[in-house]
Participant: 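Mind looking over this structure? Questions follow.
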Amino acid sequence: MTKLLVQNLDKSYIINEGFGKRSRVHALRGLNLEVNEGEFVTVIGPSGCGKSTFLMVVAGIHPFDSGVLLLDGRPISEPGLDRGVVFQDFALFSWMTVRNNVKFGLSMKGMPEEEQHRISEHYLRLVNLQDFADVFPHRLSGGMKQRVGIARAMATEPEILLMDEPFGSLDAQTRKSLQTQLLDIWRETKKTIVFITHSVREAVFLSQKVVVLSARPGKVVETIPINLTYEERVSLSGPLMEYERRLENLIEQQIKGDASMRPVRQPPLAQSPDMLEHEMLD
Ligand SMILES: Nc1ncnc2c1ncn2[C@@H]1O[C@H](COP(=O)(O)OP(=O)(O)OP(=O)(O)O)[C@@H](O)[C@H]1O
Ligand SMILES: [Mg+2]
């Protein structure tokens, strides 16, 4: 069953260039994507191709220009508790204890205190932080903070979890450990997850489907189903490496095809392909 449906999605930003000049940057153009219920889908692509933009649009934080964007058949137009978001920089409430961070969305829902406590306890246990419920975020390591972020996003039992490079600022060892924990959480809860990363290995390790975006303006160039067992994932098996190689090649092709990444050979300005994406408004 389709959870998230994205059809022909366009998103651009208006940039104020100063001196009264404005221009438009096309971040996403004609993006099509379908995420099924219970699926773990990762979006990967060259830097600046519009991955975070895509996530912010699905989160309802940024508006989009045109196209279709449906969650469970309903149009997305603003943020909502049916979508849980986890950012790279944790974004925890520093003035609240770990438990109150996790309870936050539940209190927004107007849930009775007792139930808030029971649910927050459940999700703190899921991320193995039940013993840290009463401490403040500044006392936690980066990995622990991000586990609070995951518990907080999951506690409201959203229809879909949106994660933008959640492990991007963690050290390699912590990152590996959280990847395994997230894979285990997903196996246990079968939550629908859209995950953004720069890491091909992380994408292959976690996902059932990897979506490769082109250089900006981002659109889907290929969707690769990852048919690996749990054991093949955790043992970094040969088949896992095969997927990695295939994805690395694909992303490299996208970067090579990206005019803005090539050395500048002084083309006439108006003919530069990158300029075509910067449409002057005034
Ligand atoms: N708030 C904004 N205002 C104007 N332009 C923006 C804004 N956010 C993003 N952009 C532009 O949109 C394009 C896509 O940016 P985005 O952050 O979505 O890419 P990304 O794929 O997440 O990049 P990265 O891999 O570096 O995280 C970039 O050219 C960026 O400069
Ligand atoms: Mg980004």
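Both counts, for ligands and for their atoms, begin at 1 and track the order of listing. Keep in mind it's a predicted model, so treat the numbers as computed, not measured.
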Participant: Is atom 2 (C) of ligand 1 touching the protein, meaning some protein heavy atom lies under 4.0 Å away?
Facilitator: yes
Participant: Quick check on contacts: which atoms of ligand 1 are under 4.0 angstrom from a heavy atom of His198?
Facilitator: 24 (P), 25 (O)
Participant: Inspect the contact between Arg246 and Glu222 and indicate whether a charged nitrogen and a carboxylate oxygen are less than 4.0 angstrom apart.
Facilitator: yes
Participant: Does atom CZ (Phe132) have a neighbourhood of more than 12 heavy atoms from anything else shown, all under 6.0 Å?
Facilitator: no
Participant: For atom 28 (C) of ligand 1, which of Pro46, Cys49, Gly48 has the closest heavy atom?
Facilitator: Gly48
Participant: For ligand 1, is His62 a contact, meaning one of its heavy atoms is under 4.0 Å away?
Facilitator: no
Participant: When you measure from atom 10 (N) of ligand 1 to every protein heavy atom, which one gives the shortest distance, and what is it?
Facilitator: Tyr13 CE1, 3.3 Å
Participant: Can you find a protein heavy atom closer to atom 31 (O) of ligand 1 than 4.0 Å?
Facilitator: no
Participant: Take every heavy atom of Met56, measure it against each atom of ligand 1, and state whether any distance is under 4.0 Å.
Facilitator: no
Participant: Among all protein heavy atoms, pick out the one at the shortest distance from atom 25 (O) of ligand 1; state its residue, atom name and that distance to 0.1 Å.
Facilitator: Lys51 NZ, 2.7 Å
Participant: Would you say the side chains of Glu37 and Thr192 form a donor-acceptor pair under 3.5 Å?
Facilitator: no
Participant: Would you please classify the geometry between the Trp95 ring and the Phe93 ring as parallel, tilted or perpendicular, with 30° and 60° separating the classes?
Facilitator: tilted
Participant: Which donor-acceptor pairs under 3.5 Å do side chains of residues 75-84 form with protein atoms, sequence neighbours excluded?
Facilitator:
unit_1, atom_1, unit_2, atom_2, d
Arg83, NH1, Val58, O, 3.0
Arg83, NH1, Ala59, O, 3.0
Arg83, NH1, Glu78, O, 3.0
Arg83, NH2, Glu78, O, 2.9

Participant: CD of Glu34 to CG of Asn36: how many Å apart, nearest 0.5 Å?
Facilitator: 6.0 Å
Participant: What is the closest protein heavy atom to atom 27 (O) of ligand 1, and at what distance does it sit?
Facilitator: Glu165 OE2, 3.6 Å
Participant: So which heavy atom in the protein is nearest atom 17 (O) of ligand 1, and how far is it from that ligand atom?
Facilitator: Ser52 CB, 3.8 Å
Participant: For atom 13 (C) of ligand 1, what's the nearest protein heavy-atom neighbour? Residue, atom name and distance, please.
Facilitator: Arg216 CD, 3.5 Å
Participant: Which residues pass the side-chain hydrogen bond (donor to acceptor under 3.5 Å, both in side chains) test with Glu202, not counting sequence neighbours?
Facilitator: Arg175, Gln179, Thr197
Participant: Would Tyr13 and His62 count as a close aromatic pair, with their ring centres under 6.0 Å?
Facilitator: yes
Participant: Tell me: protein heavy atom nearest atom 26 (O) of ligand 1, and distance?
Facilitator: Ser47 OG, 3.0 Å
Participant: Taking Met163 as the starting point, is it possible to reach Met56 by hopping between hydrophobic residues whose side chains are less than 4.5 Å apart?
Facilitator: no
Participant: Can you report which non-hydrogen protein atom sits closest to atom 19 (O) of ligand 1, along with the distance?
Facilitator: Gly50 N, 3.2 Å
Participant: Does the pair Glu39/Lys209 count as a salt bridge with the N-to-O cut at 4.0 Å?
Facilitator: yes
Participant: State whether Ser52 contributes an N/O/S atom found under 2.8 Å from the Mg ion (ligand 2).
Facilitator: yes
Participant: For atom 16 (P) of ligand 1, what's the nearest protein heavy atom and its distance?
Facilitator: Thr53 OG1, 3.6 Å
